[in-house]
Protein chains: 2
Amino acid sequence: MNLNRTSNELETILKFLKEIQSYSPLADHSEKALANICFTQKVGKNEVLQEIGKTCKTIYFVMEGSARIFYLKDGLEITEYFAFKNDLIVRAESLFKSLPSNKGIVSIEETLFVGIPSNALFSLFDEFHDIERLFRILIQTVYLETIKRLESIQFQTAEERYKGLLENHPEFIQKIPLKHIASYLGITQVSLSRIRAGIS
Amino acid sequence: MNLNRTSNELETILKFLKEIQSYSPLADHSEKALANICFTQKVGKNEVLQEIGKTCKTIYFVMEGSARIFYLKDGLEITEYFAFKNDLIVRAESLFKSLPSNKGIVSIEETLFVGIPSNALFSLFDEFHDIERLFRILIQTVYLETIKRLESIQFQTAEERYKGLLENHPEFIQKIPLKHIASYLGITQVSLSRIRAGIS
DNA sequence: TGATTTTTTTAACATTTGTAAAAAGAATAC
DNA sequence: GTATTCTTTTTACAAATGTTAAAAAAATCA
């Protein structure tokens, strides 16, 4: 175990290890090996965690706070993904293909992340079958979430999508500026305003 | 190796094993174990491969021909996914959660599949790390494709999406009825007709 | 607090897409 | 080969969403 850690860092990482094993349990030596490559990172509000144009080499988990993945279309920010407590946040295409990403990650509020360097993690995959399984199941899970989101955006009206978001993720509306929610829903800010006016 | 196989079946399965290892190679004994649980299935045009309402217990690959996943919305068929030669076709949510699926799989033309029973496959995951890795990478790949599709449906107009489909998958337009392409693109048949009229 | 910046709403108009029904065209079956 | 069915296009109108600009409201900062 890395001896340079503060007790705060250690506590965060232990909490993370416990949380992530709800997907698939790890043997003790696997858990230790994973713990060894993890690190914590705390950022303030609206701070850039990963820059557009750089290749993604770290897998992040949100331990406290929230963040989002965005990209630019015609100079405007489009929000692709929101991550809250216990959510994975990663620019998947860049990570898996080792290519520069056209997306960035920024925090929404003061946020505490646990980071895992992908190269070190991929090495652990070779050594520890159960670590690779855990991440196989994690990828499966985010894949299913993406299918759900695709279905909702393909076959629901903007109003249905907004209402669904209100029901399933009321925390979104509280913390996140509506312009980001609008682009996440695939509509303009004006359109979202109209929908909100029509509901209340 | 299962001795009840015809030489045709065997040939198909060997071709499949070769094809799938482009994602990640397998050791000889892993390859044999996987071969042992695979089977082939040939269906005619517009035939149901997996019924709506049943739980998905088989992972399919298209060896020849094409097929699609669909579901019903207000009594109408919505096509969610097309699979062509060498594509995976699976109702992921039902498979991974062991729940009855509200989706079905039907062939578009005469189609040859290789099927893998999921329970047997998951058992092989325990025994052969490299088989689980192969499928981890496969899931990764379809996850990235789903993200791409989400981006296109969220931030492109219907016309841009149709043109993109023409460019990237010209084979779609040749074999598949336009009504299915329309629902895949998230628009009505009438709208697709208008777009097509506007282009030529 | 007051000034400045950012976010959200509103308005007017344009464009896209949807709905329903009918007509035209293509494929299929007897 | 003709009748039947299925697919695609067209038309007319309705509804939803986009665009641009301005006003109002809220948040931030000095």
Side-chain angles (χ1 to χ4, degrees), chain A residues 43-48 65-66 68 70 72-79 82 106-110 151-166 170-200, chain B residues 43-48 65-66 68 70 72-79 82 106-110 151-166 172-200:
Chain A
V43 304
K45 186 174 180 175
N46 293 326
E47 259 187 55
V48 174
S66 50
R68 63 194 178 90
F70 73 96
L72 298 175
K73 163 139 181 163
D74 306 326
L76 294 175
E77 276 191 15
I78 303 288
T79 293
F82 292 117
V106 288
S107 60
I108 291 166
E109 55 194 319
E110 186 175 289
E151 284 172 12
S152 87
I153 216 153
Q154 191 165 13
F155 302 111
Q156 293 187 328
T157 63
E159 184 167 340
E160 286 171 329
R161 270 176 276 150
Y162 177 69
K163 283 183 179 167
L165 197 66
L166 273 182
E171 72 273 23
F172 276 43
I173 315 298
Q174 287 158 22
K175 294 178 178 174
I176 304 170
L178 289 173
K179 62 175 180 176
H180 295 151
I181 291 178
S183 75
Y184 177 78
L185 291 173
I187 54 179
T188 61
Q189 206 175 336
V190 175
S191 201
L192 179 57
S193 248
R194 272 191 290 238
I195 289 167
R196 285 162 55 84
I199 288 175
S200 62
Chain B
V43 303
K45 187 173 178 175
N46 293 326
E47 259 185 56
V48 175
S66 50
R68 64 194 178 88
F70 73 97
L72 298 175
K73 166 141 181 161
D74 306 327
L76 294 175
E77 275 191 15
I78 303 289
T79 293
F82 292 117
V106 287
S107 60
I108 291 166
E109 57 195 318
E110 186 175 288
E151 284 171 12
S152 86
I153 216 153
Q154 192 164 14
F155 302 112
Q156 294 187 327
T157 63
E159 183 167 343
E160 285 171 329
R161 271 176 276 150
Y162 178 70
K163 282 183 181 166
L165 198 66
L166 273 181
F172 276 42
I173 315 298
Q174 288 156 22
K175 292 180 179 175
I176 303 171
L178 290 172
K179 63 175 179 176
H180 296 149
I181 291 177
S183 75
Y184 177 78
L185 290 172
I187 55 178
T188 60
Q189 208 175 332
V190 176
S191 202
L192 180 56
S193 248
R194 272 191 291 240
I195 289 167
R196 285 162 54 84
I199 289 176
S200 61

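Within every chain, numbering begins at 1; the chains are lettered A, B, ... in the order of the sequence lines, protein sequences first and strands thereafter.
- Interatomic distance, A:Leu192 CG to A:Tyr162 OH, rounded to the nearest 0.5 Å: 6.0 Å.
- Per the geometry, CG belonging to A:Leu178 stands 15 Å off C1' belonging to D:dA24, to the nearest Å.
- Five base pairs at each end of the helix from C:dT1-D:dA30 to C:dC30-D:dG1 define two local axes, and these are offset by 50° (rounded to 10°).
- Every residue two or more places apart in sequence or in another chain was checked for a side-chain hydrogen bond (donor to acceptor under 3.5 Å, both in side chains) with A:Ser191, and none qualifies.
- Atom CD1 in B:Ile153 sits 8.0 Å away from atom CD1 in A:Ile153 (nearest 0.5 Å).
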Per-nucleotide protein contact along nucleotides 12-21 of chain D, 5' to 3', at a 4.0 Å heavy-atom cut-off (B base, S sugar-phosphate only, - neither), is B----SBBB-
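- The distance from the CD1 atom of A:Ile181 to the OG1 atom of A:Thr79 is 9.5 Å, given to the nearest 0.5 Å.
- In terms of modelled atom types and a separation under 3.5 Å, the side chain of A:Glu109 and the main chain of A:Ser66 share a donor-acceptor contact.
- Separation of atoms CZ (A:Arg196) and CD1 (A:Ile173) is listed at 7.0 Å; rounding is to 0.5 Å.
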Any protein N or O atoms within reach of nucleotides 28-30 of chain D? Criterion: under 3.5 Å, listing atom names and distances.
residue : atom : partner : partner atom : Å
D:dT28  : OP1  : A:Lys45 : NZ           : 3.0

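- Distance check: A:Ile78 CD1 to A:His180 NE2 gives 10.0 Å after rounding to the nearest 0.5 Å.
- Looking only at atom types and distance, the side chain of A:Glu47 has no donor-acceptor partner in the side chain of A:Ser107 under 3.5 Å away.
- Of all nucleotides in DNA chain C, those with any atom nearer than 4.0 Å to a heavy atom of chain A start and finish, going 5' to 3', at C:dT7 to C:dA12.
- Relative ring orientation between A:Tyr184 and A:Phe82 is described as tilted, the plane-to-plane angle lying within the 30° to 60° band.
- Note on residues 177-192 of chain B: no pairs pass salt bridge (Lys or Arg N to Asp or Glu O under 4.0 Å), not counting sequence neighbours.
- Rounding to whole angstrom units, CG of residue B:Asn46 and P of D:dT5 are separated by 17 Å.
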